[in-house]
Amino acid sequence: MRAVTGWRGPVVVTGTDTGVGKTVVTSAIAVAAQAAGLRVAMVKPGQTGTATGEQPDADVVARLADPATVRTLASYPEPLAPLAAARVAGAEPLELYAAVDAVRAEADKHDLVLVEGAGGLLVPMGLRPSGEPWTVADLAVSLGAPAVVVARAGLGTLNHTALTLEALERRAIPAGVVLGAWPAEPELVHWANLSELVPTMVGAVPDGAGGMEPGVFRRSASGWLTPALYGVLDDWRAWADDVS
């Protein structure tokens with residue numbers, strides 16, 4: 001499942017798991033799209049772990065990419081799945097169609113709206129009006145949005161990535177894969193995984209990119225992404241030669 005060049009409107013950024021680099025990839029896409037002349041918004045439906053003292057994802061995107069608009073719809077203290085975090089906090093869970101309406105409102109004002117999920121594709125995010133949980137996959141279906149799947153480069157990624165892509169394909173959601181943290185010194189497992197994933201890949205972000213000075217990040221981001229995500233990476237063989 002390859003992305004179509006120049007996705008516009010809402011685009012969901014999900015992952016094979018938590019901690020795979022979704023926020024940095026979201027930032028890189030925002031940078032590349034803005035360099036291509038697009039007006040970009042980032043929406044984080046559910047931010048958890050605010051009590052840990054870590055910088056919220058929306059703040060990271062604002063620092064690295066500085067898109068026109070950055071919004072967080074709901075925040076919860078505990079570092080849990082958003083629905084679980086809402087229940088622990090005694091807070092109102094985020095309702096699916098409230099999230100859909102918020103994203104569509106931004107799509108009316110922007111060329112591209114990057115909707116960053118929490119954890120993986122099927123993590124419970126909140127509740128439907130019926131009281132049933134909803135996931136990032138449900139949000140993508142409701143928005144008619146394609147998905148960027150952020151994956152690890154190392155051991156275990158092939159299974160996790162295949163499962164995520166299969167779940168998206170069953171829902172008729174177009175998708176492309178970005179490696180969230182390509183190591184500075186890749187090993188055999190990384191190269192083997194790359195060769196398997198290239199047919200679905202639309203980018204690869206270097207490990208540690210989130211720690212770059214924002215100016216350096218913005219000058220570099222387009223080189224990590226293919227034209228499907230407004231980047232300039234168009235030859236994986238040449239890319240592999242450069243990083244090897």
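When the shell of 6.0 Å around CD of E185 is examined, it contains 12 or fewer heavy atoms from other residues, nucleotides or ligands. For E92, the CD atom sits in a loose shell: 12 or fewer heavy atoms of surrounding residues, nucleotides or ligands are nearer than 6.0 Å.
Atom-to-atom distance recorded for D17:CG and L121:CG is 12.0 Å, nearest 0.5 angstrom. Atom NZ of K109 is separated from atom CZ of R104 by 15.5 Å, given to the nearest 0.5 angstrom.
Across all non-hydrogen atoms, the minimal contact from W182 to A153 is CE3-CB, 3.9 Å. The minimum heavy-atom distance between G180 and V25, with the atom names listed, is CA-CG2, 4.1 Å. The minimum heavy-atom distance linking A58 with T72 is given by the pair CB-OG1, 3.4 Å.
Using a 4.5 Å cut-off between side-chain heavy atoms of Ile, Leu, Val, Met, Phe, Trp and Tyr, L127 falls into a hydrophobic cluster with L83. Connectivity analysis of hydrophobic side chains (ILVMFWY, heavy atoms under 4.5 Å, direct or indirect) links L155 to V189.
Between the K44 side chain and the G117 main chain, a donor and an acceptor come within less than 3.5 Å of each other. Within the 3.5 Å criterion, the main-chain N or O of Y76 finds a donor-acceptor partner in the side chain of T50. With hydrogens and angles disregarded, a donor-acceptor distance shorter than 3.5 Å links the side chain of Q34 to the backbone of A30. Remark: side-chain polar atoms of D111 are paired, donor with acceptor, to backbone N or O of R39 under 3.5 angstrom. Not a single donor-acceptor pair under 3.5 Å links the side chain of E116 to the backbone N or O of M42.
Applying the side chain to side chain contact (heavy atoms under 4.5 Å, CB included) criterion to T161, with sequence neighbours excluded, gives T16, A151, T157, L165, V177, L197.
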Can you list the steps and then say if L64 with V31 is a side-chain contact (heavy atoms from CB on, under 4.5 Å)? CA-CA 8 Å; L64 291 174; V31 167; 5.9 Å; no
Would you check, one step at a time, whether the test side-chain contact (heavy atoms from CB on, under 4.5 Å) holds for R87 with L80? CA-CA 10 Å; R87 286 170 169 163; L80 305 169; over 6 Å; no
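Between P45 and L139, the closest side-chain pair of non-hydrogen atoms falls below 4.5 Å. Side-chain contact between W134 and E95 is absent, with no heavy-atom pair separated by less than 4.5 Å.
With respect to M125, the side-chain contact (heavy atoms from CB on, under 4.5 Å) criterion is satisfied by exactly one of D138, V136, L94, L73: V136.
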